[in-house]
Enquirer: 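Pasting a structure below so you can have a look.
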Number of protein chains: 2
Amino acid sequence: MNAVMDFPIVLAPLGMLRPCATCVVRRTSVCDAIPEADLARLGATAIGGIARPGTQFIADADPATSFFNIISGTARMYKLLPDGRRQITGFANGGNFLGLAVSDTYAFSAEAIDTVRYCRFPRVRLRMLMRDFPRMEERLLKFASTELVAAQEQMLLLGRKSARERVASFLLARSRLVPAGQRSPVHFVLPMARGDIADYLGITIETVVRTLKKLRDERIIEVTNTSEIEICDQAALRCLANGSHP
Amino acid sequence: MNAVMDFPIVLAPLGMLRPCATCVVRRTSVCDAIPEADLARLGATAIGGIARPGTQFIADADPATSFFNIISGTARMYKLLPDGRRQITGFANGGNFLGLAVSDTYAFSAEAIDTVRYCRFPRVRLRMLMRDFPRMEERLLKFASTELVAAQEQMLLLGRKSARERVASFLLARSRLVPAGQRSPVHFVLPMARGDIADYLGITIETVVRTLKKLRDERIIEVTNTSEIEICDQAALRCLANGSHP
DNA sequence: CGGTCACTTGATCGTCTTCAATACCAGTGG
DNA sequence: CCACTGGTATTGAAGACGATCAAGTGACCG
């Protein structure tokens, strides 16, 4: 029952002495605010951890004792209604920061989709870090702003877009995660299941499936193995995504 | 065509010399981060302004040159689709802070609903203020986090709640803005029109009207003058809002 | 193989949208 | 004072989109 495991970061993942120095997401995460010289202190502040697929590592309404910096893997953040209806508010990848809370409790839950490796920052220690490195706070503010912009875009999607437009928007957003350079056709893997996509887009699994099938029939995308997507007609998808054209 | 007007804050609103000192929202806004002794500098940084009803004062995709601190009135923030569909992402009241942007351009628009008085902070000057007063950045981060939590709640509403649940949630949220102390029945005025409510809740005007009528018929709320709401059965509304009970 | 689980597909149903008409209210000018 | 006007709100009837229900498929695994 202990699928979520913490361990001293100095031992993880391969017993390296200066794990932060070689961290693949350091330069793209909030940790970029800490100068090279202070990486030891950063390493002493963070606690490495792993969440196995399906494991919840942040629980709505629980005391917000820690912040999480995702290293690798994909997590889903979500909120539930009492009767079980679920809204996924976002997916977190390597470099993302989780756990910003207003009050002393989390306002959402988070689960690992595949295996998620993360660094956990106890709240108090992160606060000290922010005090000593104002750039850290700056970085967090920038991150929160980014999240806010994404959330507003998602509200537009949830409130005003048709199922077809939602799926198109989702595929486009996912395609933007692919490192630039690879040219058309863009190709990527969806780490999440159909149910996750449905709960993220505010529709049902069946509608996700049917819409994907339709897009495939129209030669706008290609779907293989249910989780691999290839975007054949990016222009068409872009039009669909914002309703420019039926 | 100049319904949005700026003027030196030292002249506003009554020619006071230290306007920040008497600002009614100072203690509840980001300005609370600035110590009394430095209010003069704060006043020199901000530029007072007024937006008349219906006037847009932040335009999506425009260069994000300023941040806004709302003093009084209510504004709507929104995003549009090319064909005119609108999603209102939030309403801003006195004490709220607007304009957080990732890139150099705004990611949303904002319009005054009634007459809105605000303080405008040119981006560069605010940055200097944040540098000299780290508490300012801390305050902004807290504000952004609050917005983020609200956005997640709204995503749950837009993605997974029925029209009835949306309206109930909206009325409850509005009732929470009423200063505590007044007890049941809670009574308040909606500054926004039906169309704004509809575009905020991701439904149509007609559905808003019909749902309000139904709630009124069921003696859960009372509606007078189309803009005054009285909550008669708060418990029932709370149940409705999260779908605990049909 | 029999089990589970995720995905897919089809048929029916219901909520909310759309379209259209009417009511209401404040402001304006005869 | 009162008809006129524009905007918002309300109400009714018809239709559509997506949800729900139900069944079937395929992959993986003990």
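First the proteins, then the strands, lettered A, B, ... as listed; each starts at 1.
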Enquirer: For the aromatic rings, using the six-membered ring if either is Trp, is the centroid distance between Phe68(A) and Phe97(A) under 6.0 Å?
Expert: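 Centroid separation for Phe68(A) and Phe97(A): 6.0 Å or greater.
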Enquirer: Please state whether the base of dT10(D) and the side chain of Arg216(B) form at least one donor-acceptor pair under 3.5 Å?
Expert: no
Enquirer: Can you check the Leu158(B) CG to dC16(C) P distance for me, whole Å?
Expert: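 It works out to 13 Å between those atoms.
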Enquirer: What is the distance, to the nearest angstrom, from the CG atom on Leu201(B) to the C1' atom on dT15(C)?
Expert: 16 Å
Enquirer: Just to be sure I understand the rule, does Thr204(A) reach a base, reach only the sugar-phosphate, or reach nothing, if contact means heavy atoms closer than 4.0 Å?
Expert: base
Enquirer: Of all the choices, dT8(C), dT17(C), dG18(D), which nucleotide is nearest to the side chain of Val209(A) once you look at every atom?
Expert: dT8(C)
Enquirer: Taking the nucleotide of DNA chain C with the closest heavy atom to each, which residue, Glu206(B) or Ile205(A), is nearer the 5' end?
Expert: Ile205(A)
Enquirer: Strictly by modelled atom types, are Ser66(B) and Arg120(B) linked by a side-chain donor-acceptor pair under 3.5 Å?
Expert: yes
Enquirer: How close do Val116(B) and Ala112(B) get, counting heavy atoms only, and between which atoms?
Expert: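 Reported closest heavy-atom pair: CG2-CB, 3.6 Å.
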Enquirer: Do the side chain of Arg210(A) and the base of dG10(C) come within less than 3.5 angstrom through a donor-acceptor pair of N or O atoms?
Expert: yes
Enquirer: Atom CG of Asp196(B) to atom C1' of dA9(D): distance rounded to whole Å?
Expert: 13 Å
Enquirer: Within the 3.5 Å criterion, strictly below it, is a donor on Ser227(A) or Asn225(A) matched to an acceptor on the partner's side chain?
Expert: no
Enquirer: Just checking Gly54(B): base, sugar-phosphate only, or nothing, at a heavy-atom cut-off of under 4.0 Å?
Expert: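 Since no nucleic acid heavy atom lies under 4.0 Å of Gly54(B), the category is nothing.
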Enquirer: Looking at residues 81-93 of chain B, who's got a heavy atom less than 4.0 Å off DNA chain C?
Expert: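 Correct list: empty, so none.
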Enquirer: Please give, in whole Å, the distance from dT17(C) P to Arg194(B) CZ?
Expert: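 Computing the Arg194(B):CZ to dT17(C):P distance gives 16 Å.
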Enquirer: What is the distance, rounded to the nearest whole Å, between atom CD of Glu165(B) and atom C1' of dT15(C)?
Expert: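 For the pair Glu165(B) CD and dT15(C) C1', the rounded distance is 12 Å.
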Enquirer: Need one value for Thr207(B): base, sugar-phosphate or nothing, where a base atom within 4.0 Å counts as base even if backbone is also close, heavy atoms only.
Expert: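 Answer is base: heavy atoms of Thr207(B) come under 4.0 Å of a base.
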Enquirer: In whole angstrom, what separates Ile197(B)'s CD1 from dT10(D)'s P?
Expert: 9 Å
Enquirer: Just the rounded figure in Å: distance from P of dC25(C) to CG of Asn225(B).
Expert: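 Between P of dC25(C) and CG of Asn225(B): 8 Å.
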Enquirer: Is there a side-chain polar atom (N or O) of Lys213(A) under 4.0 Å from OP1 or OP2 of dT8(C)?
Expert: no
Enquirer: Counting only side-chain heavy atoms from C-beta out, which of dT11(D), dA11(C), dT8(C) sits nearest to Thr226(A)?
Expert: dT8(C)
Enquirer: Rounded off to whole Å, could you give me the CZ-to-P distance for the Arg164(B) and dG14(C) pair?
Expert: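 Atom CZ in Arg164(B) sits about 18 Å away from atom P in dG14(C).
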Enquirer: Let me know, please, whether Gly195(A) or Arg160(A) comes out on the 5' side of the other along DNA chain C by nearest nucleotide.
Expert: Gly195(A)
Enquirer: Could you please name the option among dG18(D), dC16(C), dG12(D) that lies closest to any side-chain atom of Ser162(A)?
Expert: dG18(D)
Enquirer: Got a salt bridge between Arg194(B) and Glu206(B), using NZ or NE/NH1/NH2 to carboxylate O under 4.0 Å?
Expert: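 Looking at Arg194(B) and Glu206(B), the cut-off is not met.
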Enquirer: Hey, are Asp60(B) and Ser109(B) close enough side-chain-wise for a donor-acceptor pair under 3.5 Å?
Expert: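 No, no side-chain donor-acceptor contact under 3.5 Å.
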Enquirer: Within the modelled atom types, does a donor on one side and an acceptor on the other bring the side chain of Arg166(A) and the base of dG18(D) under 3.5 Å apart?
Expert: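 Answer no: no donor N or O sits under 3.5 Å from an acceptor.
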Enquirer: Any carboxylate oxygen within less than 4.0 angstrom of a Lys/Arg side-chain nitrogen, looking at Asp233(A) and Arg238(A)?
Expert: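 Judged by the 4.0 Å cut-off on N to carboxylate O distance, Asp233(A) and Arg238(A) do not form a salt bridge.
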Enquirer: Would Gln56(A) and Tyr78(A) count as having a side-chain donor-acceptor pair, cut-off 3.5 Å?
Expert: yes
